[in-house]
Amino acid sequence: MRPNFITKLIDGEIAAGLHSEIVTRFPPDPNGFLHIGHAMAVCLNFGVARDYGGYVNLRFDDTNPTTADPVCVEAIQEDIRWLGYSWKNVLFASDYFDELYAMAVRLIEVGKAYVDSLSEEEIREYRGTVTEPGRESPYRSRSAAESLELFDRMRRGEFAEGAHVLRAKIDMASPNMIMRDPILYRILHEPHYRTGDRWHVYPMYDFAHPLSDAIEGVTHSLCSLEFENNREIYDWLVDELFEPPRPHQYEFARLNFEHAVMSKRLLTPLAKSGLVEGWDDPRMPTLAALRRRGVTPAAIREFVDRLGVTKTNSVADLGLLEYTIRDDLNRHAPRVLAVTRPLRAVLSNYPGGKVERLAAPYWPPDVPNRGSRELPFARELYLERDDFSEDPPPGWRRLSPGAEVRLRHAYLIRCDEVVRDEEGELLELRCSYDPDSLGVNPPGRRIAGAIHWLAAPSALPAEFRLYDRLFRVPSPDPPLGGDASRESLTVCHGFVEPSVAHDSAETRYQFERLGYFWRDPKSSAPVGLVFNRIITLRSSWNAGGEVRRDDPTKSGGAQASPPGEAPDPVAALTAEQRASFERYSALELSRNEAALLAGNSDLANFFEEALAHQGSPASLANWVVNELLRVAKVIPLSELPFGPAEFARLVALVDDNALSSRAAKEVLKGMLAGEGDPDAIVAARGFTQVSDASALESVITRVLEANPEKVEVFRQGKTGLLGFFMGQVMRETGGKANPQLTRGILEAKLRRPATPGDR
RNA sequence: UGGCCCAUCGUCUAAUGGCAGGACAACCGGUUUUGGUCCGGUCGGUCGGGGUUCGAAUCCCUGUGGGCCAGCCA
């Protein structure tokens with residue numbers, strides 16, 4: 001895997017000695033097939049486990065007995081194996097129903113969960129909205145004993161569905177809707193395909209998922225962005241019920257595509273609609289369909305790897321998938337000849353019964369593979385209908401009346417005559433061949449192009465299925481029928497060269513000039529040869545050819561934000577805060593800093609305490625707002641390993657010019673790490689600023705002499721390199737160089753062509 | 001309207017606060033018995049406004065835009 005924010009995180013954790021083994025899990029809902037959008041999740045979870053020498057548990061999330069489908073359980077395993085991954089255990093959330101139930105009981109016992117008897121609608125009403133807090137259920141204060149008894153009776157099936165639910169007791173006013181007493185268990189009188197009729201209560205995803213992770217010892221639970229809000233309940237439950245080390249959930253952006261429907265909601269009806277053949281119809285975005293179409297797992301892995309793992313919502317470019325498919329096939333698919341739309345051509349000067357066997361390499365010179373086969377050549381040929389034009393457009397490099405082309409691996413031919421039937425329909429071509437042109441171009445003749453062909457007597461009949469994207473529009477929506485393209489499948493009847501009869505059925509070919517194909521694994525064997533087109537060749541020929549796939553409907557790039565103007569920060573302050581603001585302003589803080597402090601009492605208190613110790617108000621406010629605020633987002637100020645006094649001392653060191661601000665930030669890091677007070681850190685690590693001009697000068701000279709070519713480039717105008725030189729000097733001096741001084745000397749030395757004798 | 005998350009070439013994605021780079025696409029050229037491949041080149045970007053800093057894509061504030069959350073789905 002390429003490095004990404006997940007692998008970097010794990011690298012850090014491993015360096016810190018946090019893990020003995022990395023364990024991930026892949027948790028499909030056994031309902032619906034895996035599709036290309038899942039490929040990211042599969043490659044990430046399995047790739048991380050593989051790269052770090054850990055393992056993956058394949059765990060089917062079968063917490064809902066009404067939707068789980070055993071057919072999908074098998075199909076999903078096959079898809080993952082096909083992608084090239086293996087797991088350590090195949091597990092089911094239902095394996096943990098007993099443990100999960102016991103944990104729910106424990107939660108009730110400690111007063112962290114209760115049985116609620118509100119109706120479904122009431123629960124919804126009580127939950128409030130995203131902008132208004134919810135209200136507590138009257139049953140929330142029910143005794144643990146009563147909840148315990150009710151929950152047990154729920155389990156035994158004594159109540160109707162919906163009569164009661166088990167909820168966590170958290171906070172009905174939480175700004176995160178998910179934390180408003182989330183439902184943990186619901187009554188479902190539904191047999192489960194693995195546990196039968198043993199249970200009448202089933203856990204919700206939010207309950208089962210984190211706890212299953214914890215039970216299994218999963219270290220990294222990687223899921224898609226839409227579960228970000230669920231992380232809070234994940235952490236709450238795991239902290240409540242488990243001791244560290246515990247699993248953590250991380251979210252990444254899942255794959256999105258244009259011209260494809262990928263939600264289960266849309267895919268399932270499509271699979272069953274008759275519009276396509278089913279889940280594995282080669283036009284579907286499922287992995288089963290891609291597999292049947294002939295796409296290689298390596299191409300999909302490469303595609304996912306090139307996209308990368310991030311938290312940015314994005315739409316994947318089909319062009320990249322096409323590229324990785326072609327790139328893989330180009331190196332692995334032998335070239336053979338096939339004609340999809342046959343046009344007969346008779347060579348009038350070639351003897352009737354004669355058949356030549358021409359040696360034809362399977363690979364072009366640029367692909368480092370060897371091997372060749374014999375290609376029969378005869379008087380009667382099939383050419384590609386699209387390779388002949390009676391009225392060729394400019395730039396035509398194929399056959400036309402009177403023109404001469406190369407038959408690939410064979411002779412030059414010229415079209416002498418066009419034969420038509422009574423209706424004027426093109427019937428066949430009369431051509432003549434040049435017997436001296438095998439393997440050589442006769443001197444003095446420019447041959448524009450080469451076309452593919454087949455000797456009619458030995459050509460094998462075959463069916464070709466040419467697939468195009470299913471949907472014309474970038475974001476298809478139901479009703480699906482209207483958006484589905486009728487041209488998404490074209491069936492042609494033509495021929496292939498006889499050599500393919502000897503090949504393994506899984507061989508992927510390049511039919512020269514047509515695209516990559518393989519035999520359809522479902523319909524080929526008994527019926528005859530049926531080839532799926534995996535993908536076309538890239539083509540730069542466009543005149544009169546296929547329509548470019550540019551989308552006029554495609555929206556433009558990101559919209560520029562309108563020229564913005566920040567509102568006055570003071571306007572939002574309360575009267576009391578405004579008083580503080582006035583006080584801070586009098587201290588000559590900037591307007592923004594004064595307003596920020598006035599509106600943040602924790603920060604303001606810290607600031608005022610620091611001010612009581614030493615330092616100028618303006619620099620102190622500067623450091624509090626620009627540096628301390630960042631750490632305050634992670635650690636509450638009260639839990640800092642240092643206090644306002646130490647912070648004030650740090651700022652004073654900068655003000656006294658003893659420390660560069662760069663070094664001061666390093667010192668702050670040290671203080672955060674609990675290394676002691678600023679003076680101690682400065683002494684221990686030798687951070688004292690170097691402001692001695694001659695000392696700096698010698699360092700700078702060294703840096704410039706070590707990078708003569710950079711100096712040259714700088715003098716040619718790439719002034720951005722100043723940052724590079726500054727960085728080098730800082731590195732040399734361990735960040736202690738006085739930056740203003742350094743910059744001044746650096747600029748002076750760079751401007752004029754250095755010392756005499758130099759260069 | 002509350003909370004959380006996200007924002008870099010057309011697209012996807014890199015860049016311990018120190019040279020904004022790569023890939024795909026597009027375009028131009030070269031090689032070619034595939035209008036393929038390969039090779040060379042061109043075009044093109046840090047969402048806006050303030051601030052911190054010698055230096056900001058990166059840190060702080062703010063605006064804008066997008067995603068997710070009000071299932072007894074996952």
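A, B, ... follow the sequence lines: proteins, then strands. Residue 1 opens every chain. In what follows, every heavy atom counts, from backbone to side chain, and hydrogens, waters and symmetry copies are set aside. As the structure is a prediction and not an experimental result, all values here were calculated from the model.
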(message) Could you spell out the base pairing of RNA chain B as a dot-bracket line? Use Watson-Crick and G-U wobble contacts where both distances are under 3.5 Å, [ ] for crossing pairs, | for partners on a different strand.
(response) .((((((..((((....[..)))).(((((.......)))))....(((((..]....))))))))))).....
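- Of all heavy-atom pairs between A:M172 and A:R135, the closest is CE-O, 3.4 Å.
- Across all strands shown, A:L629 has heavy atoms under 4.0 Å from sugar-phosphate atoms exclusively, and none from any base.
- At the phosphate of B:G51, neither OP1 nor OP2 sits under 4.0 Å from any side-chain N or O atom of A:S590.
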(request) Could you run through nucleotides 69-74 of chain B and give me one letter per nucleotide, 5' to 3': B if any protein heavy atom sits under 4.0 Å from the base, S if only the sugar-phosphate is that close, - if neither? (result) BBSBSB
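- Counting distance only, with no hydrogens placed and no angle test, the side-chain atoms of A:Q510 and the base atoms of B:U34 include a donor-acceptor pair under 3.5 Å.
- The pair A:D386-A:R398 does not count as a salt bridge, with every side-chain nitrogen at least 4.0 angstrom from each carboxylate oxygen.
- Residue order along RNA chain B, read from the 5' end via each residue's closest nucleotide, puts A:F5 first among A:S437 and A:F5.
- Using a 4.0 Å cut-off, some side-chain N or O of A:R538 falls inside it from OP1 or OP2 of B:U37.
- Following rounding to the nearest Å, A:I325 (CD1) and B:A23 (C1') show an atom-to-atom distance of 17 Å.
- Anti is the glycosidic conformation of B:G21, whose angle departs from 0 by more than 90°.
- Between B:U16 and A:K8, no contact under 4.0 Å exists linking OP1 or OP2 to a side-chain N or O.
- Remark: the A:K665 side chain and the B:C59 base include no donor-acceptor N/O pair separated by less than 3.5 Å.
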